[in-house]
Amino acid sequence: MKYSSPPDRQFFYAQVWDIVRMIPPGYVSTYGKIANWVPIAKTLDPQSYRAWGARWVGGAMANCPSDVPWQRVVNSQGKISLPEETKGFSVQRKLLEDEGIVFNERGVIDLKRFGWDGPAES
DNA sequence: TCCTTGACTCAGA
DNA sequence: CTCTGAGCCAAGG
């Protein structure tokens with residue numbers, strides 16, 4: 001069956017955190033890319049992973065240890081993936097600006113300029 | 001056990 | 001550029 005083996009949430013999160021910790025200051029990555037860099041459990045259907053991996057990464061960010069630079073993870077549009085009125089939004093934006101990342105008028109980060117290419121590129 | 005909800009992404013209009 | 005719909009797992013109430 002497609003989802004016979006439930007993903008090990010703890011393990012998945014740990015892998016995500018490891019990758020996020022590799023993002024250099026002043027750069028950002030996206031949920032989707034990170035999901036791609038995490039090895040897919042062989043028991044997991046690739047199609048489901050494609051549809052849910054990014055959200056699981058989001059879940060990992062929501063539960064990350066304090067040593068993980070979660071603020072360097074944004075959505076594929078280059079925007080902070082949190083409601084603007086929340087505390088988290090302002091915290092994330094400030095942390096990123098302190099690292100030198102620039103937001104345009106619409107609150108969008110230029111991924112061409114600040115996007116990180118991944119573990120392999122480092 | 002059923003129902004809701006979630007830090008997503010991509011294609012199409 | 002903005003908005004919509006589809007994709008479809010898992011934890012928690």
Side-chain angles (χ1 to χ4, degrees):
Chain A
M1 295 311 291
K2 291 184 184 178
Y3 322 115
S4 54
S5 181
D8 185 330
R9 210 170 160 229
Q10 281 264 325
F11 183 59
F12 179 81
Y13 282 7
Q15 290 180 104
V16 171
W17 296 331
D18 280 342
I19 290 173
V20 174
R21 275 189 278 252
M22 289 185 240
I23 304 176
Y27 285 88
V28 296
S29 191
T30 71
Y31 298 98
K33 282 183 181 173
I34 291 173
N36 260 323
W37 297 326
V38 174
I40 304 176
K42 44 183 176 291
T43 48
L44 193 56
D45 175 41
Q47 187 176 27
S48 319
Y49 186 72
R50 178 193 157 292
W52 289 95
R55 297 196 221 186
W56 290 341
V57 171
M61 292 303 95
N63 279 301
C64 69
S66 52
D67 67 321
V68 175
W70 58 273
Q71 73 273 19
R72 297 183 193 138
V73 184
V74 296
N75 65 28
S76 66
Q77 306 167 61
K79 297 198 299 187
I80 289 176
S81 199
L82 287 171
E84 294 189 17
E85 64 271 15
T86 63
K87 187 70 188 305
F89 178 91
S90 36
V91 171
Q92 180 167 16
R93 175 154 179 160
K94 186 182 187 320
L95 286 171
L96 291 177
E97 291 181 324
D98 284 348
E99 294 183 355
I101 288 175
V102 178
F103 289 75
N104 70 12
E105 318 71 43
R106 292 225 202 77
V108 176
I109 297 169
D110 181 1
L111 292 178
K112 298 288 186 188
R113 183 175 165 197
F114 300 106
W116 181 52
D117 291 323
E121 300 292 325
S122 62

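Computed from heavy atoms alone, side chains included, the values below leave out hydrogens, waters and symmetry copies. Throughout, protein chains are lettered first and strands after them, A, B, ... in sequence-line order, and every chain is numbered starting at 1.
As rounded to the nearest Å, B:dG6 and C:dC8 have C1' atoms that lie 13 Å from one another. Nucleotides C:dG13 and B:dT1 are separated by 12 Å at their C1' atoms, to the nearest Å.
A:Gln77 is linked by a side-chain hydrogen bond (donor to acceptor under 3.5 Å, both in side chains) to nothing, counting only residues two or more places apart in sequence or in another chain. Qualifying side chain to side chain contact (heavy atoms under 4.5 Å, CB included) partners for A:Thr86, counting only residues two or more places apart in sequence or in other chains: A:Leu82, A:Pro83, A:Phe89. Residues satisfying the side chain to side chain contact (heavy atoms under 4.5 Å, CB included) test with A:Arg55, not counting sequence neighbours, are A:Trp52. Applying the side-chain hydrogen bond (donor to acceptor under 3.5 Å, both in side chains) test to A:Asp18 and every residue at least two apart in sequence or in another chain returns A:Arg21. Scored by the side chain to side chain contact (heavy atoms under 4.5 Å, CB included) test, A:Pro39 finds A:Gln15 as partners (sequence neighbours excluded). A:Lys94 pairs by the side chain to side chain contact (heavy atoms under 4.5 Å, CB included) definition with A:Asp98, not counting sequence neighbours. Checked against salt bridge (charged side-chain N to carboxylate O under 4.0 Å, His left out), A:Asp110 has no partners two or more places apart in sequence or in another chain.
The interatomic distance linking A:Ile19 (CD1) with B:dA7 (P) rounds to 20 Å, in whole Å.
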Letter by letter from the 5' end, nucleotides 8-13 of chain B scores (B base, S sugar-phosphate only, - none; protein heavy atoms under 4.0 Å) BSS---

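Within residues 82-109 of chain A, the residues that place at least one heavy atom under 4.0 Å from DNA chain B are, in residue-number order, A:Leu82, A:Gln92. A heavy atom closer than 4.0 Å to some atom of DNA chain B occurs in A:Met61, A:Ala62, these being the qualifying members of residues 60-68 of chain A.
OP1 and OP2 of C:dG7 both lie 4.0 Å or more from every side-chain N or O belonging to A:Gln47.
For residues 22-46 of chain A, the ring-ring contact (aromatic ring centres under 6.0 Å, His included) pairs, not counting sequence neighbours, are A:Trp37-A:Trp116.
Among A:Tyr13, A:Phe11, A:Phe12, the one residue that satisfies the ring-ring contact (aromatic ring centres under 6.0 Å, His included) test with A:Trp56 is A:Phe12.
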Could you pull out every donor-acceptor pair under 3.5 Å between side chains of residues 102-109 of chain A and any protein atom, sequence neighbours left out?
residue, atom, partner, partner atom, Å
A:Asn104, OD1, A:Arg106, N, 2.8
A:Asn104, OD1, A:Gly107, N, 3.1
A:Asn104, OD1, A:Val108, N, 3.0

